Amino acid sequence: MARNQFRSPKGIRDVLPEEQPYWQHVESVIRETVRLFGYDRLDLPVFEETALFQRGVGEGTDIVDKEMYTFTDRSDTSITLRPEFTAGTMRAYLQNGMASLPKPVKLWSAGPVFRYERPQAGRFRQHTQFNVEAIGDQDPALDVEIMSVAWHLYKSLGFKNLSFQVNSIGCARCRPGYLHTLVVYYKDHVKEICDDCGKRLQKNPLRLLDCKQDQCQPVIRNAPPMVEMLCQECSVHFHALRTYLDELGRPYQLNNRLVRGLDYYTKTVFEVWAQDIGAQNAVCGGGRYDGLAEVLGGPPTPGVGFASGLERIILTMKEQNVEIPQVPGPRVFLAAQTESANRVIVRMLSDLREAGIAGVMGFGGRSLKARLREANRRGARYVLILGESELSRKRIQIKNMQGGEQREIAFEEVVSFFKEGDGSVSS
RNA sequence: GUGGGUAUAGCUCAGCCGGUUAGAGCGUCAGGUUGUGGCCCUGAAGGCCGAGGGUUCGAGUCCCUCUACUCACCCCA
């Protein structure tokens with residue numbers, strides 16, 4: 001291994017050609033899903049003003065406190081590579097006057113997001129998210145639609161053993177009261193909880209509920225659940241949500257330990273869990289964020305959405321042996337055996353491509369045997385072979401690589417052979 | 001930021017208690033008679049054994065340091 005060779009930065013990966021069939025398949029299923037549900041594409045910049053995320057995602061969240069890629073540009077503006085899509089989506093909604101569009105405004109985006117974390121299985125510093133947001137309506141049926149987008153995507157991909165986790169974390173009206181109750185409860189159990197939970201109790205009490213330490217489990221189990229302390233509005237909303245889910249026959253688990261890490265969530269929060277992405281299990285997470293627009297300086301505007309990590313989706317597909325369509329090889333491979341034959345081949349290949357037929361040729365003057373080996377490796381359906389004797393007759397051998405049949409056709413027939421569909425090669 | 005594991009060919013990995021020219025499979029390239037792939041056979045190319053230091057007559061192998069990768073925690077997609 002060369003010593004001073006460059007490597008990609010830590011936690012940043014290449015998506016190699018052999019991985020591309022997975023990506024293409026996921027992307028095509030995503031496109032079909034958003035089409036069915038009537039979402040419009042929104043492309044957002046890869047970086048934004050730092051303050052957008054500080055305010056939108058929230059000071060005190062791990063993302064803002066320790067995971068952002070932040071730098072100043074040449075005019076000393078603080079810039080941050082996007083760590084998620086929701087804040088940017090809301091910014092674009094407000095900036096572009098989308099409030100004047102019929103509500104809800106339904107948008108989707110996809111692309112890389114960046115978080116400075118220690119990489120591990122299913123976690124990278126650059127990963128790709130598929131993001132869906134519906135802005136401008138509080139109807140719980142819209143929460144359910146958002147969840148259905150995720151549901152449909154994973155079903156279409158053929159996932160098994162999916163589990164929907166649902167909770168409501170209330171709103172600015174009822175959450176403070178709940179947090180108080182939770183803190184009071186925990187005060188009686190400080191000696192039983194882990195060190196991290198000691199800190200959470202001070203800093204971010206909601207997080208107490210998703211601690212994984214064994215010693216904390218009994219305390220969590222007996223903790224007062226948020227859903228029982230929701231205000232009237234949140235309670236009605238959550239009840240309606242569950243009614244819709246039941247109506248649709250969607251299996252879900254009421255998980256009152258599901259709290260999620262971003263400040264902007266209100267009412268509905270949900271995740272979809274798949275199994276075996278290393279220690280990670282969430283392929284998707286989202287919820288409602290009715291307070292976000294105001295935090296960003298806009299008028300009160302409710303919204304609901306989710307993000308799903310494509311790398312985790314693909315890991316799950318591999319884990320579950322999901323079938324994916326294979327990317328076809330070239331339709332034809334051209335093999336010339338002499339310099340003069342090569343000139344004819346180059347011209348013929350150009351004509352084929354003009355006619356929309358995918359073709360490749362062999363380079364570098366190797367033996368015919370090597371050419372056929374290469375054609376086989378590349379998955380070519382047909383090989384055109386041109387040697388001296390064919391050249392003198394202005395004809396060319398055409399070989400079907402599946403059955404091996406071969407015959408000779410005239411130069412002028414080549415393009416039409418492929419244009420008019422397969423035509424049998426066996427004579 | 002905190003722990004554990006690993007580092008030998010392009011890839012996946014052998015290499016026993018330290019001992020001579022460092023191995024396999026896959027992949028690549030070439031050949032197995034006249035211009036024909038897949039299977040099979042043969043051969044070749046390809047390694048300062050992650051870096052630096054130490055112990056020793058002798059280190060891929062033992063010790064120390066560093067680095068990278070990896071898994072896990074925190075947290076998240």
Side-chain angles (χ1 to χ4, degrees), chain A residues 1-13 16 18 57 60-67 83-86 110-132 150 194-197 199-200 203-204 207 210-213 258-262 271-274 277-286 306-316 329 333 335-338 341 362 364 366-391 397-406:
Chain A
M1 239 172 282
R3 264 168 291 171
N4 298 317
Q5 214 170 264
F6 281 110
R7 298 185 57 86
S8 60
K10 184 193 282 286
I12 309 284
R13 315 185 313 158
L16 300 175
E18 68 218 46
V57 177
T61 61
D62 275 28
I63 288 180
V64 171
D65 286 354
K66 53 180 205 188
E67 294 179 358
E84 54 99 59
F85 276 99
T86 304
V113 297
F114 305 85
R115 296 202 322 212
Y116 186 87
E117 301 181 275
R118 291 287 288 266
Q120 66 186 74
R123 168 185 287 156
F124 312 97
R125 289 187 172 179
Q126 174 181 329
H127 75 276
T128 313
Q129 286 190 355
F130 164 54
N131 191 265
V132 172
C194 69
D195 292 350
D196 282 335
C197 278
K199 288 180 211 136
R200 292 184 181 110
K203 215 179 100 188
N204 193 349
R207 288 247 146 268
D210 67 356
C211 180
K212 288 176 199 159
Q213 294 293 319
L258 183 64
V259 295
R260 308 211 31 84
L262 290 71
E271 289 183 357
V272 178
W273 293 354
I277 319 170
Q280 329 303 325
N281 52 10
V283 281
C284 154
F306 75 83
S308 186
L310 298 208
E311 284 80 1
R312 287 189 184 178
I313 287 178
I314 288 168
L315 279 170
T316 305
F333 182 101
Q337 291 188 78
T338 64
R366 276 188 269 265
S367 69
L368 182 58
K369 183 182 196 137
R371 290 271 187 260
L372 283 160
R373 241 198 307 258
E374 182 187 349
N376 189 56
R377 278 299 314 269
R378 293 190 189 281
R381 179 70 198 278
Y382 292 96
V383 176
L384 289 171
I385 301 163
L386 187 62
E388 275 310 311
S389 58
E390 291 88 358
L391 187 58
Q397 298 289 332
I398 179 163
K399 178 176 178 114
N400 184 332
M401 293 297 276
Q402 280 178 352
E405 321 83 90
Q406 180 171 329

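Proteins get letters first, then strands, A, B, ... in listed order; numbering begins at 1 in each. Since we're looking at a predicted model, the values are computed, not measured.
Between A:Arg118 and B:U70 there is no side-chain polar atom (N or O) within less than 4.0 angstrom of OP1 or OP2. For the pair A:Lys212 and B:C74, the criterion of a side-chain N or O lying under 4.0 Å from OP1 or OP2 is met. Phosphate contact (OP1/OP2 of B:U36, side-chain N/O of A:Gln406, threshold under 4.0 Å): absent. Look at A:Arg312 and you won't find any side-chain N or O under 4.0 angstrom from OP1 or OP2 of B:C76. Neither OP1 nor OP2 of B:U36 sits under 4.0 Å from any side-chain N or O of A:Ser367. Between A:Arg207 and the phosphate of B:C76, there is a side-chain N or O to OP1/OP2 separation shorter than 4.0 Å.
Distance from the side chain of A:Gln280 is smallest for B:C76 among the nucleotides B:C69, B:C76, B:A30. Counting only heavy atoms from C-beta on, A:Lys369 has its side chain closest to B:U36 among B:C74, B:A77, B:U36.
A:Gln126 comes within 4.0 angstrom of no nucleic acid atom, judged by non-hydrogen atoms across all strands. A:Ala335 comes within contact range of no nucleotide atom at all, as no heavy-atom separation falls under 4.0 Å. Residue A:Gln402 is classed as a base contact, given a heavy-atom separation below 4.0 Å to a base. Contacts of A:Phe130 with the nucleic acid, taken as non-hydrogen atoms under 4.0 Å apart, are absent. Within the 4.0 angstrom heavy-atom criterion, base atoms lie near A:Glu117. No contact: A:Ala375 has no heavy atom under 4.0 Å from any strand.
Atom CZ in A:Arg125 sits roughly 14 Å away from atom C1' in B:C75 (whole-Å rounding). For A:Gln120 and B:A68, the CD to P distance is 18 Å, given to the nearest whole Å. Taking atom CE on A:Met401 and atom C1' on B:C39, their separation rounds to 14 Å, with Å as the unit. Whole-Å rounding puts the A:Tyr382 OH to B:G38 C1' distance at 17 Å. Rounded to a whole Å, the CZ atom of A:Arg260 is 13 Å from the P atom of B:C75. Whole-Å rounding puts the A:Arg7 CZ to B:U70 P distance at 8 Å. Computed from coordinates, the A:Gln213 CD to B:U2 C1' distance equals 13 Å when rounded to whole Å. Rounded to whole angstrom, the span from the CG atom of A:Asn204 across to the P atom of B:C74 amounts to 14 Å.
Annotation: of the two residues near RNA chain B, A:Arg123 and A:Leu310, the 5′-most nearest-nucleotide partner is A:Arg123.
In this structure, B:U21 forms no base pair with any nucleotide, since neither Watson-Crick nor G-U wobble geometry is met with both distances under 3.5 Å. Pair assignment for B:U56: none, as no Watson-Crick or G-U wobble contacts are both less than 3.5 Å. Summarising the base pairing, B:G27 is matched to no nucleotide, lacking a Watson-Crick or G-U wobble pair whose two defining distances lie under 3.5 Å. Base-pair partner of B:C73: B:G1 (Watson-Crick or G-U wobble, both distances under 3.5 Å). Using Watson-Crick or G-U wobble geometry with both donor-acceptor distances under 3.5 Å, B:A68 finds its partner in B:U6. Using N1 to N3 plus N6-O4 or O6-N4 for Watson-Crick, or N1-O2 and O6-N3 for G-U wobble, each under 3.5 Å, B:C40 pairs with B:G32. If you check B:U61 for Watson-Crick or wobble pairing at under 3.5 angstrom, you find it has no partner at all.
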task: Go through the steps for A:Val259 and A:Arg207 under the test side-chain contact (heavy atoms from CB on, under 4.5 Å), then give the verdict.
output: CA-CA 7 Å; A:Val259 295; A:Arg207 288 247 146 268; 3.5 Å; yes

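Atom name P, nucleotides B:U61 and B:U20: the rounded distance is 13 Å, in whole Å. Distance noted for atom P between B:C16 and B:U8: 15 Å (whole Å). When the P atom is used for both B:A51 and B:A9, the distance is 11 Å, rounded to whole Å. Only the P atoms considered, B:C17 is 47 Å distant from B:C76, to the nearest whole Å. Using P as the reference atom, B:U6 and B:G10 are 23 Å apart when rounded to the nearest Å. Nucleotides B:U42 and B:A24 place their P atoms 12 Å apart, quoted to the nearest Å. Nucleotides B:U34 and B:G38 place their C1' atoms 23 Å apart, quoted to the nearest Å. Across the C1' atoms, B:G19 and B:G58 are found 7 Å apart, a figure rounded to whole Å.
The pair A:Glu271-A:Arg260 meets the salt-bridge criterion, with a side-chain N (NZ, NE, NH1 or NH2) lying under 4.0 Å from an Asp/Glu carboxylate O.
Using a 4.5 Å heavy-atom cutoff, the side chains of A:Asn400 and A:Gln406 are not in contact. Counting only heavy atoms from C-beta outward, the side chains of A:Pro83 and A:Ile63 approach each other to under 4.5 Å. Using a 4.5 Å heavy-atom cutoff, the side chains of A:Gln337 and A:Glu388 are not in contact.
Figure legend: A:Arg13 and A:Phe124 shown as a cation-pi pair, the cationic atom lying under 6.0 angstrom from the six-membered ring centre and within 45 degrees of its axis. Annotation: cation-pi geometry satisfied between A:Arg125 and A:Tyr116 (NZ/CZ under 6.0 angstrom from ring centroid, within 45° of ring axis).
No hydrogens or angles were tested; on distance alone, a donor-acceptor pair under 3.5 Å links the side chain of A:Asn376 to the base of B:G37. In terms of polar N and O atoms assigned as donor or acceptor, the side chain of A:Lys66 comes within less than 3.5 Å of the base of B:C74 in a complementary pairing. Remark: the A:Lys399 side chain and the B:U36 base include a donor-acceptor N/O pair separated by less than 3.5 Å.
Of all the heavy atoms in A:Ser308 and A:Ile313, the pair that sits closest is OG-CD1, 3.4 Å.
A:Thr128 and A:Glu311 share a donor-acceptor pair across their side chains, judged by distance under 3.5 Å alone.
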